[in-house]
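Report on one structure; see the data block that follows.
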2 protein chains.
Amino acid sequence: MDKKYTIKDIAKLAGVSKGTVDRVLHNRGKVSPTALDKINEVLKVIDYQPNLIARNLKNNKVYHICVLLPDPEFDPYWLPCINGIDDAKKEFKAYNVNIETHFFNPESKKSFVNTNQTVIAQAPDAVLLAPLFHKETLEVMKQYEELNIIVNTFNNQVESDVIKSFVGQDLHKSGRVAASLMSLIVSEGQIAIIHIDESVKNAVHMQEKEKGFRNYFEEKNNPNFTINTLKLKFSNIEAKLEAFLIENTNLKGIFITTSKAYQIASLLPEEKCKKIALIGYDLIHKNITHLNKGSIHFLIHQNQKRQVYLGVATLVEHFLYGKEIPQTIVLPIDIINAENASFYIS
Amino acid sequence: MDKKYTIKDIAKLAGVSKGTVDRVLHNRGKVSPTALDKINEVLKVIDYQPNLIARNLKNNKVYHICVLLPDPEFDPYWLPCINGIDDAKKEFKAYNVNIETHFFNPESKKSFVNTNQTVIAQAPDAVLLAPLFHKETLEVMKQYEELNIIVNTFNNQVESDVIKSFVGQDLHKSGRVAASLMSLIVSEGQIAIIHIDESVKNAVHMQEKEKGFRNYFEEKNNPNFTINTLKLKFSNIEAKLEAFLIENTNLKGIFITTSKAYQIASLLPEEKCKKIALIGYDLIHKNITHLNKGSIHFLIHQNQKRQVYLGVATLVEHFLYGKEIPQTIVLPIDIINAENASFYIS
DNA sequence: TTGTAAAGTGTGTTCGAGCACATTTTGTTT
DNA sequence: AAACAAAATGTGCTCGAACACACTTTACAA
């Protein structure tokens with residue numbers, strides 16, 4: 001009933017040889033109309049699924065995939081990606097796939113370009129890339145295109161015909177999700193959006209989140225709220241935050257657009273900590289600690305690990321099974337609090 | 001560098017034939033200590049990964065897997081499961097796997113047993129089962145064991161040595177998650193836990209959720225709250241709910257332990273709807289509508305689709321690649337509100 | 001009608017693991 | 001030293017798809 005048909009079966013049913021069936025299936029070589037009809041007749045009746053196992057056995061090329069991402073030493077945000085890559089490596093290690101990780105310095109465009117050059121020199125079959133720098137990304141794309149190297153991206157979107165796929169989140173929506181949670185905890189007063197980041201590379205990210213956040217409150221059109229934006233850099237966090245708190249005594253909530261919510265949480269004076277709602281990003285250890293203490297209310301999970309895993313898995317499945325590469329994979333915006341956090345940490 | 005070694009390579013390196021290598025790898029037949037040493041020496045140096053593709057080509061048995069679950073006609077809760085099965089079918093259709101779905105009536109123990117009998121008569125290689133009825137499940141387990149049919153379960157846990165795996169959620173924790181969200185929206189007053197279900201089959205489910213919910217508030221030990229439990233059945237929902245609302249004017253929040261939150265939402269009078277926080281389960285269409293209208297605040301996603309998908313995928317990968325079947329897979333408790341719901345609906 | 005190129009078709013090998021079976025080596029007994 | 005069983009080892013086939021190559025048939029010009 002659910003028997004798997006082979007090329008041999010088709011050949012027998014059509015009264016031809018497997019070679020002819022093969023030519024029909026792959027539109028190669030010459031086949032007489034008579035044979036073509038007979039084979040098509042058979043193919044119409046049965047549901048032929050080529051045995052991928054056998055196909056792959058033959059095509060035993062080793063596929064070479066490079067993953068390019070910022071060195072987690074510079075920013076722990078990228079740490080979960082390593083796990084995602086490891087997961088993919090583990091899952092596919094028995095197949096002819098070779099996955100290689102390359103780090104670049106997220107503060108340096110030059111490092112980004114150089115790492116890409118190293119990878120290009122290796123001439124892999126595909127690349128999964130965190131395209132942090134827009135202009136530089138477009139430049140290296142030209143080279144990837146010339147060498148017919150498939151390029152997938154994750155984390156942030158860059159428009160280019162060369163890029164086959166993007167895996168990531170809708171940042172605008174993620175700002176809205178943060179806002180919806182904030183409006184649940186805080187009913188009136190002042191809300192601050194804080195951008196903390198050492199470099200400018202995340203500027204677009206942070207802006208999109210801010211836009212989404214503000215958009216939500218604009219829609220609500222509640223006059224009881226005022227929203228301010230504060231930009232902090234490593235060197236001035238403490239002083240600037242203190243000044244801000246003194247100036248804004250009616251502060252009820254803070255939305256931190258990066259994974260640095262823990263820094264704010266640990267700088268807030270004890271008595272304010274309980275009163276001010278904090279919402280941030282990413283399940284890094286320090287954030288989880290504050291989440292459990294109650295000094296951070298919600299975290300939004302950006303699931304970098306899964307982003308990279310899916311980016312790699314998509315490529316492997318494309319090579320191994322000829323699956324199509326989806327143009328975009330949008331990951332859900334997971335809402336995390338102290339109660340469900342444990343399920344997402346890995 | 002990352003070259004894939006084959007048995008032939010090992011044989012050559014050890015100076016023996018592939019037959020001998022094969023015997024060492026599988027501890028079968030007789031091998032001289034000399035040969036064993038030589039081969040082990042080689043195996044120590046290289047990282048041999050048998051080519052799963054080739055292995056499977058030989059073992060081209062068609063594996064037969066049956067999925068048993070309640071008919072979604074009786075309860076739309078089970079509808080997403082169909083998608084999960086379809087996903088698995090799609091993913092594995094090119095392999096020698098035959099996945100068959102069998103429905104039973106969730107209100108009838110007899111139907112449950114009968115469906116199991118039908119499946120047993122087919123003698124599949126494995127079964128994925130929603131073990132709604134405890135006693136009956138244990139009974140059919142005996143038969144599955146005798147026939148060496150692998151049994152995986154999902155949705156609810158039943159303790160049995162025969163059952164190899166369970167995929168589901170931690171219901172106690174899920175109650176706690178609901179409570180944590182409730183305590184965020186409601187700061188004092190009365191909270192109701194409502195169980196709505198036509199049958200008793202979900203009793204354990206609902207109880208676990210209630211326990212978790214109460215447990216959270218007990219820990220908080222906040223005297224401003226009172227929590228009541230209300231059990232409703234299809235026939236008496238409207239009248240009983242109305243009476244309850246009249247009796248309890250200070251009602252601030254309702255936790256519905258089943259997917260029927262929409263029923264409560266649509267029965268609440270307009271003026272109360274805005275004031276009373278509703279938290280329920282499952283992303284079924286009617287719940288989503290209320291979520292978007294604002295009459296339901298949060299839904300907890302039980303991800304039935306993924307439960308079934310993982311249950312099936314685990315089995316297929318076990319048969320095809322010899323992967324171990326994990327004893328339990330606990331899915332995360334996804335918090336859903338109007339802003340992030342769209343990402344989870346499929 | 002034969003020659004010959006083109007068109008059409010079939011055969012046989014490959015991939016790596018697994019396993020049956022054939023063959024060789026070893027060890028023991030007479 | 002021969003005989004022979006037991007132990008050890010090697011050979012060769014299988015799985016299904018892919019493809020090279022050899023072979024057969026057709027078509028048409030000489």
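Naming: A, B, ... by sequence-line order, numbering from 1 per chain. Computed from a predicted structure; not experimentally measured.
Axis deviation across the helix from C:dT1-D:dA30 to C:dT30-D:dA1 amounts to 70°, comparing end segments of five pairs, rounded to 10 degrees.
Using a 4.0 Å cut-off on heavy atoms, the residues of residues 16-23 of chain B that approach DNA chain D are B:V16, B:S17, B:K18, B:G19, B:T20, B:R23, listed by number.
Spacing between atom CG of A:N96 and atom P of C:dC15 amounts to 13 Å, rounded to whole angstrom units. The nearest whole Å value for the distance from the NZ atom in B:K12 to the C1' atom in C:dA17 is 17 Å. At whole-Å resolution of the value, CG in A:D37 and P in C:dT9 are 11 Å apart. At whole-Å resolution of the value, NZ in A:K58 and P in D:dC19 are 7 Å apart. Atom pair A:L57:CG and C:dC15:C1' shows a separation of 4 Å (rounding to whole Å applied). The interatomic distance linking A:D9 (CG) with D:dG16 (P) rounds to 8 Å, in whole Å. B:I7 places its CD1 atom 17 Å from the P atom of D:dG12, with the value rounded to the nearest Å. Distance, A:N56 CG to C:dA17 P: 14 Å, rounded to whole Å.
In terms of phosphate contacts, B:S32 brings no side-chain nitrogen or oxygen within less than 4.0 Å of OP1 or OP2 of C:dT26. The side chain of A:Y48 places an N or O atom within less than 4.0 Å of a non-bridging phosphate oxygen (OP1 or OP2) of D:dA17. Between A:H26 and D:dA18, a side-chain N or O to OP1/OP2 separation shorter than 4.0 Å is present.
Tested against A:I150 for a side chain to side chain contact (heavy atoms under 4.5 Å, CB included), the candidates A:V127, A:I325, A:I65 yield a single pass: A:I325. Under the side chain to side chain contact (heavy atoms under 4.5 Å, CB included) test applied with A:L68, the options A:T118, A:L129, A:L128, A:L132 reduce to a single match, A:L129.
Legend: side chain to side chain donor-acceptor pair (under 3.5 Å) pairs involving residues 140-149 of chain A, not counting sequence neighbours, sorted by first then second residue: A:N116-A:Y144. Residue pairs meeting the side chain to side chain donor-acceptor pair (under 3.5 Å) criterion with at least one partner in residues 26-41 of chain B, sequence neighbours excluded, are B:D22-B:H26, B:D22-B:R28.
Using a 4.5 Å heavy-atom threshold, the side chains of A:T6 and A:I10 count as separate. Looking at heavy atoms from C-beta onward, B:V330 lies out of side-chain contact with B:Q169 at the 4.5 angstrom threshold. For the pair A:V24 and A:L36, the minimum side-chain heavy-atom distance is below 4.5 Å.
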Do any N or O atoms of the protein come closer than 3.5 Å to N or O atoms of nucleotides 4-7 of chain D, and which pairs are they?
none

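Both B:T34 and A:L25 sit near DNA chain D, but only B:T34 has its closest nucleotide nearer the 5' end.
For B:Y48 and B:Y5, the distance between ring centers is not under 6.0 angstrom.
Take B:L138 and apply the side chain to side chain contact (heavy atoms under 4.5 Å, CB included) test, not counting sequence neighbours, and it matches B:H134, B:V158, B:S160.
Distance CD1/B:I120 to CD1/B:I149: 6.0 Å, rounded to 0.5 Å.
A cation-pi geometry, defined here as NZ or CZ lying under 6.0 Å from the six-membered ring centre and within 45° of its normal, does not hold between A:K93 and A:Y95.
Out of D:dA17, C:dG18, D:dT9, the shortest distance to the side chain of B:A35 is found at D:dT9.
In the model, B:E100 has a side-chain atom that pairs as donor or acceptor with a side-chain atom of B:Q122 under 3.5 Å.
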